[in-house]
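All figures in this text were calculated on a predicted structure; none of them were measured in a lab.
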Amino acid sequence: RRQRQMCIRDSIKIESGTLTLVDSHPAAIHKFNATNDLWSLQESGGKETVRGGIITGGNAGYNDGGGVYVCPGAGLVMRGGSIVGCKAQQGGGVYVADKNEAKTLGRFTMEGGSINNNKATSGSGGGVMVFESSFTLSGGSITGNTTSGATYAHGGGVCLYGSFYLSGDPIIQDNTKADTTDNLYLGWQTINITGPLGKNAHIGVNAENVPRTFISGWSDNMAGENPADYFSSDGDALGIGLNADGNVVLGSLCTTITLNPNGGTLPEYSLVAGQPCPFPPKPAIPSPDGMRTRSSAATQWRTSPLTVPGS
């Protein structure tokens, strides 16, 4: 028995309840051509391949949500398939709207699948626009999306003006704003780490008011890990590092140093310019009778912050 291929060639509007996308035929092959920063479906003769069920060809014109528009109080759960080749003023792939009269937010949960090669024609969020709503990301990829070069247009991949909850192995990479790298735009928002990140997770970020911390929950879920292994800065003059309190900071170019007290190498960290270095606390060394403590004269432990100068 031949399985049918799911191919929706229009936009979807979720007005209430929750729509769950699950790919029942991931081996299905669809062909696309790339024209004007947007992929278009060309089943015969297309040069780009997308596998599985697809939502494609949605064009919201001067409205929002080219692939899927999530209304206030409604929800979208994406576990498979692809949203590809859609466009809108904002949220070329997905637009998640703010609260309604009952003050309930739009909700988008992405656990798998891909949002790729969509376009915001004049506003923000080439792949996903989260407007004062909620986005939970634990898997899948958001790649190849773009937004216009307008000053107020942000987030070729994702533009975030709401709550963002992150875990697992998601990828937000290779998205652009007018041919400039622009993956996840945080504005003044914060990433909430709700569980461990996998080894394949990688997200490019940029934000307003830097240098500043931009992640909460790092020490609870990723203690001992280097944030630069999972996040990268989309700005040429910015970098990712830890400050003295163990918080993840986006700031000026980083310098990596290695501390080697008493012949033992401490973990290497990327240290952000203008932020204190995360030196360990001064240790207490037992005296011979085990009742008193004294400081080691052989090891000089720095107790006051050392600031890394900018490059």
Side-chain angles (χ1 to χ4, degrees), residues 109-112 134-142 158 160 162-173 183-184 186-207 209-235 238-286 293 295-296 299-308:
T109 298
M110 186 173 180
E111 302 171 356
S134 174
F135 184 24
T136 300
L137 179 62
S138 61
S141 62
I142 301 174
V158 177
L160 184 73
S163 300
F164 186 32
Y165 305 97
L166 182 67
S167 62
D169 268 306
I171 295 172
I172 306 178
Q173 288 285 282
N183 290 294
L184 168 63
L186 287 174
W188 287 268
Q189 308 300 317
T190 298
I191 299 173
N192 301 288
I193 305 291
T194 57
L197 297 177
K199 64 180 182 179
N200 295 320
H202 200 85
I203 296 175
V205 297
N206 66 83
N209 196 32
V210 295
R212 69 172 178 90
T213 59
F214 70 99
I215 288 178
S216 68
W218 185 264
S219 59
D220 294 332
N221 297 282
M222 298 294 291
E225 296 289 334
N226 186 349
D229 291 338
Y230 303 88
F231 297 91
S232 59
S233 170
D234 289 341
L238 300 176
I240 308 290
L242 291 171
N243 65 10
D245 297 322
N247 296 318
V248 185
V249 177
L250 177 65
S252 300
L253 280 173
C254 296
T255 301
T256 300
I257 67 171
T258 302
L259 303 178
N260 190 20
N262 289 340
T265 302
L266 294 176
E268 294 184 23
Y269 291 100
S270 296
L271 306 176
V272 177
Q275 296 292 321
C277 296
F279 284 103
K282 182 178 179 180
I285 301 176
T293 61
S295 297
S296 167
T299 304
Q300 298 297 319
W301 292 84
R302 186 179 182 89
T303 57
S304 61
L306 170 66
T307 299
V308 180

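Residues Ser232 and His202 come closest through the heavy atom pair OG-NE2, 3.3 Å. The heavy-atom pair separating Gln189 from Leu160 by the smallest distance is CG-O, 3.5 Å. For the residue pair Ala207 and Gly187, the shortest heavy atom distance occurs at CB-O, 3.6 Å. Minimum interatomic distance between Tyr230 and Glu225 (heavy atoms only, all atoms of both residues): OH-OE1, 3.1 Å. The shortest heavy-atom contact between Pro211 and Gly251 is CB-CA, 3.7 Å.
For the pair Asp245 (side chain) and Asn247 (backbone), a donor-acceptor distance under 3.5 Å is absent. At least one donor-acceptor pair under 3.5 Å links the side chain of Asp234 to the backbone N or O of Asn183.
Rounding to the nearest 0.5 Å places CD1 of Ile203 at 5.0 Å from CZ of Phe164. Remark: Glu111 CD to Ser167 OG distance equals 9.0 Å, nearest 0.5 Å. Once rounded to the nearest 0.5 Å, the distance linking CG of Leu166 with CD1 of Ile172 reads 7.5 Å.
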Step-by-step side chain to side chain contact (heavy atoms under 4.5 Å, CB included) determination, Leu238 to Asn206: CA-CA 9 Å; Leu238 300 176; Asn206 66 83; 5.7 Å; no
Verdict with supporting geometry, Leu186 and Leu250, side chain to side chain contact (heavy atoms under 4.5 Å, CB included): CA-CA 11 Å; Leu186 287 174; Leu250 177 65; over 6 Å; no
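Contact check for Val205 versus Ile240: side-chain heavy atoms found under the 4.5 Å cut-off. At least one side-chain heavy atom of Ile191 sits under 4.5 Å from a side-chain heavy atom of Leu184. At least one side-chain heavy atom of Leu242 sits under 4.5 Å from a side-chain heavy atom of Val248.
Checked against side-chain contact (heavy atoms from CB on, under 4.5 Å), Ser163 has the following partners two or more places apart in sequence or in another chain: Tyr165. Contacts of Asp169 classified as side-chain contact (heavy atoms from CB on, under 4.5 Å), with partners at least two apart in sequence or in another chain: Asn200, Ala201.
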Side chains of residues 214-222: which donor-acceptor pairs under 3.5 Å do they make with residues two or more places apart or in other chains?
| residue | atom | partner | partner atom | Å |
| --- | --- | --- | --- | --- |
| Ser216 | OG | Asn192 | OD1 | 2.9 |
| Trp218 | NE1 | Met222 | O | 3.4 |
| Asn221 | ND2 | Ile193 | O | 3.1 |
| Asn221 | ND2 | Gly217 | O | 3.0 |

